[in-house]
Amino acid sequence: MIASNMRRFLLVVFGLLFIPGIAYMVELSWTLNAVDSGFTSAKMYIVDLDGDGDKDIVGIAQTPDDVAWYDNDGSESFTKRTIDSNAPGVRDVQVGDVDNDGDIDIVISQVDSTPDGVYWYDNDGSENFTKRTISTANNPIYISLVDINEDDELDVLAALWSDGQIIYYENNGGTPSTFTTNSIATGLTSPVDLVAADIDGDNDIDIIASHSSTSIPWYENDGSETFTTRSFASILSSASVREIQIVDVNEDGDLDMVISGTTNLDLFISDGNDNPSFTRSTIDNTASIDHFDVLDLDGDGDLDVVGANETTSGTLEWFENDGSETFTKYQIDSSVTYPWLVDAEDIDGDGDNDVVVGSNNGVELWINGGEVSSDTSAVHGPAQAIQRREMYKQWRAGIYVFEDVEPPTLTDVGIFEPTEQKVLHAAAAGTGATLEKVGVEEEKVKAEVEEAEEKGEPLYESSQHQRICERVYRRFPHNQTMIERINIRLQKGYGFVCP
């Protein structure tokens, strides 16, 4: 009954918040926290590495050749803690629980080193790290962490720039984890970025890779990790792709793409077909946005974009979505030089998303101070803004199954990766169908609940519900606080909790 009432409440709030024809435009204020000006040419992610409830910053730099993390004291004052001071040629970094032991490990790629390769740093749970080899492949540029074969182990994807290959390193588990090398694609021209998502909606993980071409190949998974090359026909006219994100921007249940090129930042809306077609629209064509993140920055319930262009006199900008996928540009910083990565999360815990940039300026944190001037309209006043933030906080593409770039807190770490969003919605719908019967068969349901409680057994309303909760317990077997936080998120977003 509680879950059912929650859904009714959400429907009422949605009706209040999203009235057709009303656009809401707002500028945000930003405050710079220069975390470390000496850690340059850096890629940084926001993640609660030490599990103390506040968000730290983890990353790599080419000056010095470091892998390091910045320990947040809870007040956004950071202490650098070096993991590896001898990591020449580091090019990419990802974070996640590689060995399924409940703490966050770090995966890096190295080039121009002896030897090149993909490596991971095994966290012992107390932030002491042991470097281990995944592969000594030649010239890996970008890497990605994703559970490709859905065995609850994080696998590793790598783009081998000089060899023109996309490689899938299957995580075999074990202590420590071991990996098996599989080739997905060959013959590409300088592959760079790669992302994994269920592009065609058939409940397995496909792969998109960018390379020096005006078209983007994608690799269709047949469900058994055998991949067939497909192509989005010439979605870019004359620009090479720099970065890709897969996210349901218009919230219609289909995965869209945000793509940065050498001249444009574009949105590609999926038609939702099995072999999807995409409609292109321009977010910005006034400057090259090389690195970006997609999330709700102004708390109005739709997905915005924050990005920077990789030049000597670059700018950090955010693009406000009016709710209809029309974007307005605002500047955060006019002097960011050669950014490598932009990541955004609520790092200070005030309910809005902040931005971390790793560049030649070092590690910079831009604190989101909210609206420059308050809006007092009946539809978009302060109370409604709070409601939107609560419902859509960190709403990106879904609830995540691993700590890829996210810290282990409710707003950032969940239990399913973005491509399983449809499964979650199906679970919510299935649970809803069961819970709706409460009003008619209240005594029967009550008796079932009491019987399950007496036996100490969990009570699931659907098979999807059971699958989700079993994964929660498997991920966080000794972390009741995390389970409680996830339950809050599940109830708000999907109308059920894990018993």
Side-chain angles (χ1 to χ4, degrees), residues 43-47 58-60 90-99 104-111 116-121 134-135 137 139-161 163-171 177 179-185 188 190-199 204-211 216-221 225 227 241-247 255 257-260 290-294 340-343 358 396-398 400-406 413 416-420:
K43 282 190 172 182
M44 312 302 300
Y45 285 117
I46 303 167
V47 59
V58 176
I60 59 174
V90 283
R91 290 301 302 267
D92 202 3
V93 60
Q94 299 285 314
V95 291
D97 187 1
V98 173
D99 51 1
I104 294 177
D105 310 302
I106 299 170
V107 182
I108 67 165
S109 65
Q110 283 185 260
V111 301
D116 290 3
V118 181
Y119 304 91
W120 68 289
Y121 294 89
I134 295 174
S135 169
N139 213 0
I141 298 294
Y142 271 61
I143 54 176
S144 180
L145 277 174
V146 62
D147 183 7
I148 292 179
N149 56 354
E150 299 182 332
D151 63 351
D152 294 327
E153 304 281 355
L154 289 180
D155 308 305
V156 182
L157 293 172
L160 309 185
W161 189 82
D163 292 347
Q165 294 188 61
I166 303 298
I167 300 295
Y168 153 43
Y169 301 108
E170 180 182 356
N171 188 342
S177 296
F179 296 83
T180 300
T181 301
N182 304 275
S183 179
I184 292 175
L188 300 178
S190 306
V192 185
D193 196 13
L194 73 166
V195 292
D198 184 11
I199 300 164
D204 52 41
I205 303 298
D206 311 302
I207 296 166
I208 296 179
S210 67
H211 66 129
I216 298 178
W218 69 283
Y219 305 95
E220 181 182 5
N221 187 350
E225 292 67 67
F227 293 87
V241 173
R242 301 301 302 273
E243 194 166 290
I244 305 169
Q245 285 202 30
I246 307 297
V247 62
L255 293 177
M257 296 187 291
V258 179
I259 300 178
S260 65
D290 299 287
H291 306 291
F292 63 91
D293 201 0
V294 182
W340 272 30
L341 187 135
V342 176
D343 190 34
R396 300 170 76 171
Y400 293 82
V401 67
F402 55 85
E403 299 87 351
D404 184 357
V405 296
E406 315 296 342
V413 172
F416 278 81
E417 70 242 8
T419 56
E420 292 188 275

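In this text, all values refer to a predicted model and were calculated from it rather than measured experimentally. Hydrogens, waters and symmetry mates play no part in the numbers below; they use all other heavy atoms, side chains included.
In this structure, the side chain of Asn171 does not engage the main chain of Glu153 through any donor-acceptor pair within 3.5 Å. Of the possible donor and acceptor atoms, none in the side chain of Gln110 sits under 3.5 Å from a partner among the backbone N and O of Tyr119. Remark: side-chain polar atoms of Asn182 are paired, donor with acceptor, to backbone N or O of Thr180 under 3.5 angstrom.
Residues forming a side-chain hydrogen bond (donor to acceptor under 3.5 Å, both in side chains) with Asp92 (at least two apart in sequence, or on another chain): Lys43. The salt bridge (charged side-chain N to carboxylate O under 4.0 Å, His left out) check on Asp163 picks up nothing, with sequence neighbours excluded. Asp151 meets the side-chain hydrogen bond (donor to acceptor under 3.5 Å, both in side chains) test with Asn149; sequence neighbours excluded. Taking Tyr121 as the reference, Asp84 meet the side-chain hydrogen bond (donor to acceptor under 3.5 Å, both in side chains) condition, with sequence neighbours excluded. Residues satisfying the side-chain hydrogen bond (donor to acceptor under 3.5 Å, both in side chains) test with Tyr169, not counting sequence neighbours, are Ser135. Not a single salt bridge (charged side-chain N to carboxylate O under 4.0 Å, His left out) links Asp155 to another residue, sequence neighbours left out. The salt bridge (charged side-chain N to carboxylate O under 4.0 Å, His left out) check on Glu170 picks up nothing, with sequence neighbours excluded.
In plain terms, the two heavy atoms of Ile184 and Leu157 that are nearest each other are CD1-CD2, 3.8 Å.
Counting only heavy atoms from C-beta outward, the side chains of Phe179 and Trp120 approach each other to under 4.5 Å.
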